[in-house]
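What follows is one structure encoded as structure tokens, with my remarks underneath.
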Amino acid sequence: MLRALFLSSALAAAGFGLTMSCAGPLGGPPQSTEAAAQAPPAPIAPLTFASSGDPAFDAWRADFAQRALAAGRQRAVVFSLLGGLTPDPRIITLDQNQAEFVRPVWDYIDRAVSARRIEDGRERIAALRAVFEAVQARFGVDYSVIAGIWAIETNFGAAALPHSAPRAIATLAAEGRRRETFERYMLSLIEMVEKGFAGPQEMASSWAGAMGQPQFMPDVYLQLAVDFDGDGRRDIWSNPGDIFASVANYLSAKGWVRDQPVFDEVRLPAGFDYALADGVQRPIEAWRQLGVQTVTGAALPIAVGIAQLYLPAGHQGPALLLYPNFGAIRAYNPSDRYALAVALLARGFKGEAGLRAPWPREIGALDRAQTLQLQEGLTALGYPTGGVDGMFGANTRRAVRAYQQAKALPADGYPTPALLARVTAESRGETAQGLAVDTHGASTLLMPDGLRQLQRAFNRAGYAAGAADGRIGPATRTAVRRLERRLGLPETGRPTDFILAEALKLPQAPPPPRRAPPKRKKRR
Ligand code: CA
């Protein structure tokens, strides 16, 4: 449920005179002690709050409330939102322990676009079809896409929203790491109540303050939430029309174009330059001339204008042409896989098929620690990743692509564990040796047959591994260490399949009368 925090100003037009009297709270009962203070003298009388038990929170709240009043916010509303709040330590914990692991794209899509969720969505759309159709008619946004966002954000509204936005946002503002951002959200909440869009008691949210079934942050709510049924409230918590229209209005504001597709799965011709999957929008006609075709055989939608090529799992996986409407979905949550999941759900809700190309699950994917290591390696090798943070973004993808091009690899920008091993070894100046360390460390111990083969190979090369008996004795271990030394590897004495492969490459020793003086044979 974690969402990017939308950064737009809700402060800009305060527009309230400092002496303007409060028109009465819209979301909660007025406080009698406060009512007495509502004919303000020239210096603004501070609001007094009961202690939360946390002096730092209390200090922030008193200071923030004073600034909100000075900015013209209504006294009773400020009190109704901030009075009685206590900081929630669970939210600080959640904020500081955000999930670090990254699932491969196919795992993410498998979970987000399950058959069960598609079935669930079809039922919910059928039950609310009239509302969906009315919203689609007004905003021109496909309701299947709206339902896809609804599905991922809050599982069609079924997900629990156990927090309240005022408490969550006040907690994070007081904590202070991103105080400015969360204070701006707090001011948006105040404005929401002042305008009568929602009451302080209704603002159920995620721990990060994302509200209601579409998970809007307060500034987005102020700008883009919609009162579709015309009752004066923008009820994104329980009113289906307001919920769907708010999502539609968001997509519309982010560039959704009526009656255009979101993406097409495509087939790339042999010899295609995968480096063109670089996030750059090119005319669809240009893609056509490069030999790109839809997997269905349908013509590319030239009239849509531009598209970018997306290889979510590199050149061995599905290839997609993304149209501008994909970008509108991506604005909702800046992640390609999020937008792909929404688009695939939308297809499923319409009874259309998913992707045809299978995911290349065997190539693996990097977790966050590995991504960080890749960034360090690429940066050290002169392929800057725009920071070393463990997040695989556009800059890191560009660096991967540049590295792949320099090494004459398919330049799809997709990072695999194999690529990481190569970059790491090279960045440590180990080249072949570094790769060998990696390969040796990961390779398996030999079984007796392999050991016999290894012992024979050692003996042919003059490494004196003793009898080829398939058992690991001191002579065999010594031979392994000698080969490891020769290869510049740490000496482990582990007879692995990697060691066998290297032993088979050893030159054969000439018959060595000098190095192996004939021993006296034991007489029987
Ligand atoms: Ca409404």
Side-chain angles (χ1 to χ4, degrees), residues 1 3 6 8 10 13 15 23-29 73-74 76-77 80-81 121 124-169 185-206 209-254 256 258 328 331-332:
M1 220 52 56
R3 296 287 315 282
F6 295 93
S8 56
L26 293 152
R73 307 330 309 182
Q74 292 176 14
V77 174
S80 73
L81 279 160
R124 286 168 190 269
I125 289 170
L128 293 164
R129 188 170 297 281
V131 182
F132 273 119
E133 285 177 348
V135 168
Q136 178 170 309
R138 176 158 146 200
F139 292 91
V141 177
D142 288 17
Y143 62 68
S144 55
V145 170
I146 298 169
I149 289 175
W150 187 37
I152 295 186
E153 293 299 333
T154 51
N155 197 22
F156 309 104
L161 294 174
H163 300 277
S164 94
R167 187 180 189 201
I169 286 167
Y185 293 152
M186 200 73 219
L187 288 165
S188 295
L189 293 179
I190 293 168
E191 200 174 336
M192 285 165 56
V193 177
E194 285 177 346
K195 292 184 169 165
F197 297 154
Q201 307 310 316
E202 299 170 315
M203 297 173 171
S205 74
S206 73
M211 300 183 301
Q213 297 193 24
Q215 290 286 279
F216 276 10
M217 293 308 292
D219 56 344
V220 170
Y221 177 99
L222 266 188
Q223 288 170 18
L224 296 171
V226 171
D227 170 21
F228 191 68
D229 66 354
D231 68 349
R233 318 281 282 181
R234 298 179 180 178
D235 181 3
I236 60 169
W237 291 269
S238 62
N239 183 285
D242 288 9
I243 294 163
F244 305 149
S246 295
V247 174
N249 193 39
Y250 186 95
L251 293 174
S252 192
K254 301 298 175 183
W256 181 275
R258 189 185 285 260
Y332 209 95

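Ligands are counted one by one from 1 in listed order, and the atoms in each one are counted from 1 as well. Remember, it's a predicted structure, so these values are computed and weren't measured experimentally.
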With rounding to 10 degrees, Arg233 O, the Ca ion (ligand 1) and Asp231 OD1 define an angle of 80°
Tell me, which N, O or S atom in Asp242 is closest to the Ca ion (ligand 1)?
OD2
Apply the test ring pair (Phe, Tyr, Trp, His ring centres under 6.0 Å) to residues Phe228 and Phe244: give CA-CA distance (whole Å), side-chain angles for both, the deciding distance (0.1 Å), then the verdict.
CA-CA 9 Å; Phe228 191 68; Phe244 305 149; 9.2 Å; no
Where at least one partner belongs to residues 156-167, residue pairs that pass salt bridge (charged side-chain N to carboxylate O under 4.0 Å, His left out), sequence neighbours excluded:
Asp88-Arg167
Please confirm if an N, O or S atom belonging to Asp227, backbone or side chain, lies less than 3.0 Å from the Ca ion (ligand 1).
yes
Any idea which N/O/S atom from Asp229 gets closest to the Ca ion (ligand 1)?
OD1
Listed pairs under 3.5 Å, donor-acceptor, residues 133-145 side chains, sequence neighbours left out:
from: Gln136; atom 1: OE1; to: Tyr143; atom 2: N; distance (Å): 2.8
from: Tyr143; atom 1: OH; to: Arg129; atom 2: NH1; distance (Å): 2.5

Any side-chain to backbone donor/acceptor pair from Asn155 onto Ala158? Under 3.5 Å, distance only.
no
